[in-house]
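For reference, the structure discussed in these notes is given below.
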Amino acid sequence: MTFEEMKLILQSAVVLQRETQTSLANLERITESNSRAIQAMLDQAATDRLKRDEERIEHQRRIELLEANNQILVNTQQGIAALLGSIDEDRPTILRKLNALEQKADSILSRLRANN
């Protein structure tokens, strides 16, 4: 092997080493970029998870409030039904009073007709 051949081999090795270093630098930049992207995705996933947890807590609070309000409505409805039932049982309703007045008026009118 001649000196020139050895020199060419050495130059080729140097070029190959530079290309390898360039490729390694490119791979390192790509790896760092991918690492930043992955970290950003993980951060976003954590943020999304926290937001969902907060929304779930708020949703649960609203459901509990709705259930409490619903129970109040049910109790109120039951109270009104009991009150109306009590009014019907204990005292004559307005309709009954009107019916009684109508019957008395009819009775008076019948007696007046009979006397005429």
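- Judged by distance alone, with hydrogens and angles left aside, the side-chain atoms of Ser107 form no donor-acceptor pair with the main-chain N or O of Gln103 at under 3.5 Å.
- Taken to the nearest 0.5 Å, the OG1 atom of Thr20 stands 10.5 Å off from the CG atom of Leu27.
- Other residues, nucleotides and ligands place more than 12 heavy atoms under 6.0 Å from the CD atom of Glu55.
- The CD1 atom of Ile38 sits 9.5 Å away from atom OG1 of Thr31, with the distance rounded to the nearest 0.5 Å.
- Comment: Arg61 engages Glu58 in a salt bridge, judged by a side-chain N to carboxylate O separation of less than 4.0 angstrom.
- Between Arg56 and Asp53, the closest side-chain pair of non-hydrogen atoms falls below 4.5 Å.
- Proximity of Asn69 to Leu73: side-chain heavy atoms (C-beta onward) are nowhere separated by under 4.5 Å.
- Considering only heavy atoms from C-beta on, Thr2 comes within 4.5 Å of Glu5 through its side chain.
- Side-chain contact between Glu102 and Leu98: absent, with no pair of heavy atoms (C-beta onward) separated by less than 4.5 Å.
- For the atom pair CZ (Arg111) and CG (Asp106), the distance works out to 11.5 Å, reported to the nearest 0.5 Å.
- Rounding to the nearest 0.5 Å gives a distance of 10.5 Å between CG of Leu8 and CE of Met1.
- Put simply, Leu66 and Ile63 are part of two different groups of oily side chains (I, L, V, M, F, W, Y) that touch within less than 4.5 Å, one to the next.
- For the atom pair Glu67 CD and Asn70 CG, the distance stands at 8.0 Å (nearest 0.5 Å).
- Residues Glu19 and Val15 are in side-chain contact: their nearest non-hydrogen atoms beyond the backbone lie under 4.5 Å apart.
- Residue Glu54 holds its CD atom at 7.0 Å from CD1 of Ile57, rounded to the nearest 0.5 Å.
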Check against side-chain hydrogen bond (donor to acceptor under 3.5 Å, both in side chains), Gln44 and Asp48: CA-CA 6 Å; Gln44 185 63 45; Asp48 291 346; 2.8 Å; yes
